[in-house]
Engineer: 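One structure coming up, written as structure tokens, with questions to follow.
Note on naming: letters A, B, ... go to the chains in the order of the sequence lines (proteins, then strands), and numbering restarts at 1 for each one.
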Amino acid sequence: LRPGPGRPDPCGYNLRFPVNRASMQTQYHPEEIEREAQAHWDRTRAFRATEEPRGGRPKFYCLSMFPYPSGKLHMGHVRNYTIGDVITRFQRMRGCNVLQPMGWDAFGLPAENAAMANGVPPAKWTYDNIAYMKKQLRSLGFAIDWDRELATCKPEYYRWNQWLFLRMLERGLVYKKTGVVNWDPVDQTVLANEQVIDGRGWRTGAPVEKREIPMYYMQITKYAQELLDDLEALPGWPERVKTMQANWIGKSHGVNIGFPYELAGKKELLRVFTTRADTVMGVTFCAVAAEHPLAAHAARSNPPLADFVAECKRGSVIEAELAQLDKKGMPTGLFVAHPITREKIEVWVGNYVLMAYGEGAVMGVPGHDERDFAFAGKYGLPIKPVIDIEGRTYSTDAWQPWYSEYGRCVNSGKYDGLDYQGAVDAIAADLKAKGLGDKQVTWRLRDWGISRQRYWGTPIPIIHCAACGDVPVPDKQLPVVLPEDLVPDGTGNPLNKTPSFLDCECPKCGKKAKRETDTMDTFVDSSWYFIRYACPDQGNSMVDERAKYWMPVDQYIGGIEHAILHLLYSRFWTKVMRDLGLISGIDEPFARLLTQGMVLNEIFYRKGSDGRITYFNPADVDLKLDDKGQRIGAVLREDGEPVELGGMGTMSKSKNNGVDPQEIIEKYGADTARLFMMFASPPEQTLEWSDAGIEGAARFLKRLWAFAHQWHLLVATESKRRAGDYAHYEYPSDLARSHPAAAALRLQVHSVLKQASFDMERTQFNTVASAAMKILNALYNPLGFHALGDTQVVPPATGIPERVLHESFGILLRVLYPITPHICHALWYELGYAGDIITAPWPAMDATALEQDEVELVLQVNGKLRGHMRAPRSAGREQLEQLALAHDAVARHTAGQAVKKVIVVPGRLINVVV
RNA sequence: GCCGGGAUGGCGGAAUUGGUAGACGCAGCGGACUCAAAAUCCGCCGGUGGCGACACCAUGGGGGUUCGAUUCCCCCUCCCGGCACCA
């Protein structure tokens with residue numbers, strides 16, 4: 001039943017199932033059909049995406065976050081890319097011109113670490129990993145346009161990092177600054193603020209130190225307002241991601257206040273930022289950060305203070321712990337004047353003041369700020385309450401949370417009685433009149449430091465000349481190529497010891513000069529790869545007009561761990577590229593974002609007598625169940641001794657609970673792995689790995705194949721080779737009477753299809769998989785299949801017309817196809833459906849199939865379910881009321897009581913209120 | 001502490017957004033086939049009471065709105081994630 005010679009293919013393609021078999025395989029052999037399907041797609045270049053002229057199909061750009069080539073795929077990858085592939089294939093069926101590209105986030109530290117361990121250059125390690133992982137991805141059958149593959153470690157790619165860096169440098173969007181940076185002592189490199197998590201390096205987990213290093217910054221703060229505002233233009237993003245970004249950007253409205261003082265006869269201002277200008281009359285001291293110039297000045301003539309400042313600066317302390325630390329401080333001996341009362345205010349150095357936020361100095365209002373309260377308490381500074389909260393009495397004994405609430409000003413002279421906004425407005429106006437302050441907006445977001453003291457990254461295109469200083473590499477000398485044969489040995493960046501890279505001529509004066517050896521943060525690489533996919537072969541420019549066709553990404557899929565870092569940087573770069581005129585009409589790169597949940601697995605462990613914990617892989621453990629199937633324990637298969645149940649946790653090496661996707665694919669096939677991943681939970685939720693669940697998915701596909709095979713034998717008999725006859729389904733309007741079983745089947749199948757279509761649109765794929773299972777269950781009975789032996793052929797006993805079964809099975813195959821494309825591809829041919837399933841449209845729901853002459857209604861009394869009744873669809877309200885009231889179950893519960901009201905929900909229920 | 005998201009059978013999860021709670025699957029139990037096991041197929045499967053028809057209870061806990069609440073509102077408990085000395 002495959003398209004044979006002489007039979008025109010209605011889709012206009014001349015496709016043939018690649019294997020010429022006399023009959024369909026009896027059993028499901030995933031490895032064989034998957035190999036064949038993939039070879040077929042390769043040969044027909046089925047997933048190559050090309051730009052279509054105006055008026056063509058709508059474009060759909062479906063993108064999954066590209067992987068770091070760490071060695072082999074893990075389950076998280078499989079889940080991520082399967083979700084993307086389901087969306088890709090579904091959008092194709094909906095008639096879109098879909099692009100799903102793939103590439104490699106190929107620069108990064110693990111390559112250097114592997115190089116140190118094995119003595120292999122990072123480049124070789126990376127390229128080997130790419131080759132292996134690409135093979136794995138291909139074996140999963142993803143509808144990827146491999147023609148657009150890119151790797152960020154290739155000069156063709158990273159030259160444009162360098163090129164854009166230079167453009168940004170010209171415009172002041174990149175600048176060099178020596179500043180305090182986060183230093184990861186293990187990786188020996190600088191980390192961006194975004195890469196410091198709980199005071200530790202995001203990769204190494206080592207406590208971050210502070211160092212002063214010159215580095216290049218990208219001015220992301222210039223875009224803070226737009227990055228914040230445009231979050232509202234992203235309805236397709238999860239709320240929590242937007243909230244996380246908004247918090248990270250951290251916009252605060254406040255007042256910048258200057259406290260006047262004199263230094264060496266010069267009038268100066270100590271600037272502070274506050275969101276509580278209404279409490280300015282309660283200031284009893286000021287505090288500056290250890291790095292503040294005033295602290296440095298005072299320390300010069302005050303050795304104990306100098307020691308304290310040095311101690312604070314050392315800061316080899318975890319920031320999160322720092323937050324719990326005691327408030328510590330020392331007076332500087334300097335005094336400033338209160339901007340309104342002219343009172344003398346002492347300036348302290350405080351360990352709790354951050355140099356990087358606001359002005360690096362605060363006004364101390366112990367009456368209404370918890371930190372200032374603790375500080376004042378410790379050093380005996382006065383506490384002056386200036387805000388009154390109605391119905392509360394202030395006491396300086398202990399801090400109360402309500403002390404920091406908004407209220408009315410008291411003890412504040414002319415501001416007494418004003419509320420928060422009134423006081424802030426009045427005080428800001430007075431300060432402005434004196435030139436001592438004004439309203440100000442402050443951001444938490446800081447500029448993005450991109451210099452990394454590492455080898456395996458994009459070289460920063462700068463040349464250091466003794467005469468001319470830092471000179472940008474001229475465009476015509478790009479790319480600055482990174483040598484690929486170096487092997488780092490753990491003693492710093494090997495580029496520093498490589499004269500062939502290091503030595504060069506100054507582009508300005510021609511004298512001998514040295515190249516910059518710092519490389520760029522790898523987040524630069526991933527900030528625009530999705531635009532480059534539009535034109536990866538473009539050698540003359542960063543992007544071309546094809547980017548305009550494909551951008552923005554319609555659906556982006558990736559892990560929640562990138563909610564801030566990667567997604568914020570990418571939004572920033574897109575806006576920069578827009579402002580440089582490189583792309584147009586795009587403010588945001590990703591229209592819709594889906595953050596997939598983590599993949600979890602059971603954790604089993606034993607605690608040794610020395611307190612050491614040993615973890616056991618779930619594959620080596622047997623669960624013990626009681627007779628109800630509830631787990632009561634687990635034993636290690638090897639020794640039969642019990643192990644502890646540690647619950648569910650993210651698959652990780654440390655917990656020894658990972659499952660290698662390769663083993664699953666080899667044992668069950670890609671379709672089974674894909675089906676399980678999609679079926680076990682909705683994409684955004686965590687997914688709990690289960691061997692039994694995998695078995696269940698495999699069982700379903702076997703059943704599907706067995707059913708198809710049985711039916712294939714049935715329809716393969718001579719007179720039934722009429723697949724083409726099924727092309728148009730027209731059913732008599734009295735199908736329900738002539739073939740009640742057929743009408744019932746169509747009702748089931750089309751209701752399920754309606755639900756599946758809805759769930760596809762809202763990316764809830766677990767219920768799409770369940771829909772396919774429901775259709776197969778509905779089909780099993782009409783064929784009487786289950787009662788037969790393995791190979792016996794029996795005609796349908798129910799009298800359901802074959803074309804109804806054909807229609808139903810065609811719907812089943814297409815509903816399931818995005819999730820398990822290989823088996824559906826094969827069965828589509830085997831059962832004689834026209835054309836190639838990858839060009840088949842998503843099935844259309846037939847509304848007439850849902851129409852019934854009689855409907856079942858739920859009967860309720862006072863909202864409680866009491867029975868069911870069948871009634872003609874045409875029955876009116878009154879007729880239904882009467883039927884319901886006369887119904888046994890209803891009568892029993894309403895007997896002797898007055899009926900107050902009857903609620904009729906057409907087609908659903910009747911509720912009698914007594 | 002602040003922000004966000006959750007809590008439904010033995011388990012993963014459904015419930016088309018206020019209308020039959022537990023779809024679909026897993027596990028379990030009983031049966032068929034088999035010398036036997038596996039595989040496959042059939043049946044049962046939230047709890048309590050009852051031979052049964054059926055009744056009552058049940059979506060973390062408590063209240064409310066409604067003819068009707070897993071769904072909406074208020075309070076509380078617990079869990080997960082993010083941020084956190086941000087002035």
Engineer: Is U34(B) syn or is it anti, if syn means the base angle is within 90 degrees of 0?
Structural biologist: anti
Engineer: I'd like to check the salt bridge (charged side-chain N to carboxylate O under 4.0 Å, His left out) partners of D622(A); sequence neighbours left out, ordered by chain and number.
Structural biologist: R637(A)
Engineer: Any side-chain N or O of K242(A) less than 4.0 Å from the OP1 or OP2 oxygen of G82(B)?
Structural biologist: no
Engineer: Relative to the ring of W348(A), is the ring of F375(A) parallel (under 30°), tilted (30 to 60°) or perpendicular (over 60°)?
Structural biologist: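 Rings of F375(A) and W348(A): perpendicular, over 60°.
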Engineer: So what stems show up for RNA chain B if we need 3 or more Watson-Crick or G-U pairs in a row, all under 3.5 Å?
Structural biologist: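 As far as RNA chain B goes, consecutive pairing (with distances under 3.5 Å) yields the stems B:1-7 with B:77-83, B:10-12 with B:24-26, B:28-32 with B:40-44, B:46-49 with B:54-57, B:60-64 with B:72-76.
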Engineer: For L701(A) and G25(B), give me the distance from atom CG to atom P, rounded to whole Å.
Structural biologist: 13 Å
Engineer: So if I define the base as every atom that isn't primed, P, OP1 or OP2, how would nucleotides 17-23 of chain B read as a B/S/- string at a heavy-atom cutoff under 4.0 Å?
Structural biologist: B-BB--B
Engineer: How long is the line joining CG of N247(A) and P of G4(B), in whole Å?
Structural biologist: 9 Å
Engineer: In residues 361-369 of chain A, which residues come under 4.0 Å of RNA chain B by heavy atom?
Structural biologist: V362(A)
Engineer: If you compare every side-chain N and O of R866(A) against the phosphate oxygens of C54(B) (OP1, OP2), does one of them come in below 4.0 Å?
Structural biologist: no
Engineer: With respect to the phosphate group of A15(B), does any side-chain polar atom (N or O) of Q764(A) fall under 4.0 Å of OP1 or OP2?
Structural biologist: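 Answer yes for this pair, as a side-chain N or O of Q764(A) is under 4.0 Å from OP1 or OP2.
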Engineer: Rounding to an integer number of Å, can you tell me how far L623(A) CG sits from G10(B) P?
Structural biologist: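 For the pair L623(A) CG and G10(B) P, the rounded distance is 17 Å.
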Engineer: Going by salt bridge (Lys or Arg N to Asp or Glu O under 4.0 Å), name the pairs with one or both residues in residues 762-780 of chain A, residues two or more places apart or in two chains.
Structural biologist: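 Residue pairs passing salt bridge (Lys or Arg N to Asp or Glu O under 4.0 Å), neighbours aside: D759(A)-R762(A).
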Engineer: Tell me whether the side-chain N/O atoms of R444(A) come closer than 4.0 Å to OP1 or OP2 in A84(B).
Structural biologist: yes
Engineer: Atom CZ of F765(A) and atom P of A14(B): how far apart are they, to the nearest Å?
Structural biologist: 13 Å
Engineer: Should R240(A) be listed as having a side-chain N or O under 4.0 Å from OP1 or OP2 of C83(B)?
Structural biologist: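 Indeed not, no polar side-chain atom of R240(A) lies that close.
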Engineer: Looking at residues at least two apart in the chain, or sitting in another chain, which of them share a side-chain hydrogen bond (donor to acceptor under 3.5 Å, both in side chains) with W237(A)?
Structural biologist: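 side-chain hydrogen bond (donor to acceptor under 3.5 Å, both in side chains) check on W237(A) returns nothing, list empty.
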Engineer: Within less than 4.0 Å of OP1 or OP2 of A87(B), is there a side-chain N or O belonging to S252(A)?
Structural biologist: yes
Engineer: Return the value, rounded to whole Å, for the distance between atom CG of N601(A) and atom C1' of C26(B).
Structural biologist: 15 Å
Engineer: Taking atom P of C24(B) as reference, at what distance in whole Å does atom CG of N777(A) sit?
Structural biologist: 7 Å
Engineer: Side chain of Q685(A): nearest nucleotide among C67(B), G13(B), A87(B)?
Structural biologist: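 Given the options C67(B), G13(B), A87(B), the side chain of Q685(A) is closest to G13(B).
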Engineer: Using the side chain to side chain contact (heavy atoms under 4.5 Å, CB included) rule, take M363(A) and I345(A) through it: C-alpha gap first, then chi angles, then the decisive distance, then the call.
Structural biologist: CA-CA 10 Å; M363(A) 61 180 206; I345(A) 305 276; over 6 Å; no
Engineer: For residues F700(A) and L816(A), determine if any side-chain heavy atom of one lies less than 4.5 Å from a side-chain heavy atom of the other.
Structural biologist: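 The answer is yes, as the side chains (C-beta and beyond) meet within the 4.5 Å cut-off.
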Engineer: By side-chain hydrogen bond (donor to acceptor under 3.5 Å, both in side chains), which residues pair with D369(A), not counting sequence neighbours?
Structural biologist: R371(A)
Engineer: How far does the P atom of G22(B) sit from the matching atom of U59(B), given to the nearest Å?
Structural biologist: 14 Å
Engineer: Give one of base, sugar-phosphate or nothing for G250(A), where a contact means two heavy atoms less than 4.0 Å apart.
Structural biologist: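 Nothing, no heavy atom under 4.0 Å.
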Engineer: Take atom P in C51(B) and the same atom in A7(B), then report the distance between them in whole Å.
Structural biologist: 39 Å
Engineer: Syn versus anti for G9(B), judged by chi lying within 90° of 0?
Structural biologist: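 Syn.
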Engineer: For T442(A), answer base if it contacts any base atom (sugar-phosphate contacts may also be present), sugar-phosphate if it contacts only those atoms, and nothing otherwise; contact means non-hydrogen atoms under 4.0 Å.
Structural biologist: nothing
Engineer: Kindly say whether V283(A) contributes a backbone atom to a donor-acceptor pair with the side chain of H338(A) at under 3.5 angstrom?
Structural biologist: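 Flag not set: sc H338(A) to bb V283(A) has no pair under 3.5 Å.
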Engineer: Just jot down the salt bridge (charged side-chain N to carboxylate O under 4.0 Å, His left out) partners of K667(A), sequence neighbours excluded, or say none.
Structural biologist: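 Applying salt bridge (charged side-chain N to carboxylate O under 4.0 Å, His left out) to K667(A) gives none.
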Engineer: For nucleotides U71(B) and A58(B), find the distance between their P atoms and express it as a whole number of Å.
Structural biologist: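 Straight-line distance between the two P atoms is 14 Å.
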Engineer: Which one, A87(B), C67(B), A27(B), comes nearest to the side chain of V913(A)?
Structural biologist: C67(B)
Engineer: Using atom P of each nucleotide, how far apart are A69(B) and C57(B) to the nearest Å?
Structural biologist: 13 Å
Engineer: Looking only at heavy atoms, what is the nearest atom pair of A673(A) and I664(A), with distance?
Structural biologist: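 Closest approach of A673(A) to I664(A), heavy atoms only: CB-CG2, 4.0 Å.
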Engineer: In terms of ring plane angle, is the pair F373(A) and Y403(A) parallel, tilted or perpendicular, where the classes change at 30° and 60°?
Structural biologist: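 Ring orientation of F373(A) relative to Y403(A): tilted.
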Engineer: Who passes salt bridge (charged side-chain N to carboxylate O under 4.0 Å, His left out) against K439(A), sequence neighbours left out?
Structural biologist: D425(A)
Engineer: Using heavy atoms to find the nearest nucleotide of RNA chain B for L687(A) and M355(A) separately, return the residue whose nucleotide is more 5′.
Structural biologist: L687(A)
Engineer: If you check the W248(A) side chain, which of A84(B), A55(B), C56(B) turns out closest?
Structural biologist: A84(B)
Engineer: My understanding is that only residues two or more places apart in sequence, or in another chain, count here; which of them pass salt bridge (charged side-chain N to carboxylate O under 4.0 Å, His left out) with E405(A)?
Structural biologist: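 Residues passing salt bridge (charged side-chain N to carboxylate O under 4.0 Å, His left out) with E405(A): none at all.
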Engineer: What about K900(A), does its side chain sit under 3.5 Å from the base of C67(B) through a donor-acceptor pair?
Structural biologist: no
Engineer: Could you tell me whether P238(A) contacts a base, only the sugar-phosphate backbone, or nothing, with contacts defined as non-hydrogen atoms closer than 4.0 Å?
Structural biologist: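 Nothing, no heavy atom under 4.0 Å.
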Engineer: Could you tell me how far G46(B) sits from U8(B) if I compare only their C1' atoms? Round to whole Å.
Structural biologist: 11 Å
Engineer: Which residue pairs satisfy the side-chain hydrogen bond (donor to acceptor under 3.5 Å, both in side chains) criterion with at least one member in residues 678-687 of chain A, sequence neighbours excluded?
Structural biologist: R79(A)-S681(A), T595(A)-E684(A)
Engineer: What nucleotide among G4(B), C24(B), C86(B) has an atom nearest to a side-chain atom of R371(A)?
Structural biologist: C86(B)
Engineer: Quote, to the nearest angstrom, the P distance that separates C85(B) from G61(B).
Structural biologist: 38 Å
Engineer: Please measure how far the P atom in U34(B) lies from the corresponding atom in U70(B), and state the result in whole Å.
Structural biologist: 49 Å
Engineer: Please report the distance separating the C1' of G12(B) from the corresponding atom of G6(B), rounded so that it comes out in whole Å.
Structural biologist: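 Here G12(B) and G6(B) have their C1' atoms 16 Å from each other.
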Engineer: Give the rounded distance in Å between these two atoms: CG of L645(A) and C1' of G10(B).
Structural biologist: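 Nearest whole value for this atom pair: 14 Å.
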Engineer: A15(B) P sits how many Å from K754(A) NZ, rounded?
Structural biologist: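 Distance check: K754(A) NZ to A15(B) P gives 15 Å.
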Engineer: Applying ring pair (Phe, Tyr, Trp, His ring centres under 6.0 Å), name anything that partners F604(A), two or more places apart in sequence or on another chain.
Structural biologist: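 Ring pair (Phe, Tyr, Trp, His ring centres under 6.0 Å) check on F604(A) returns nothing, list empty.
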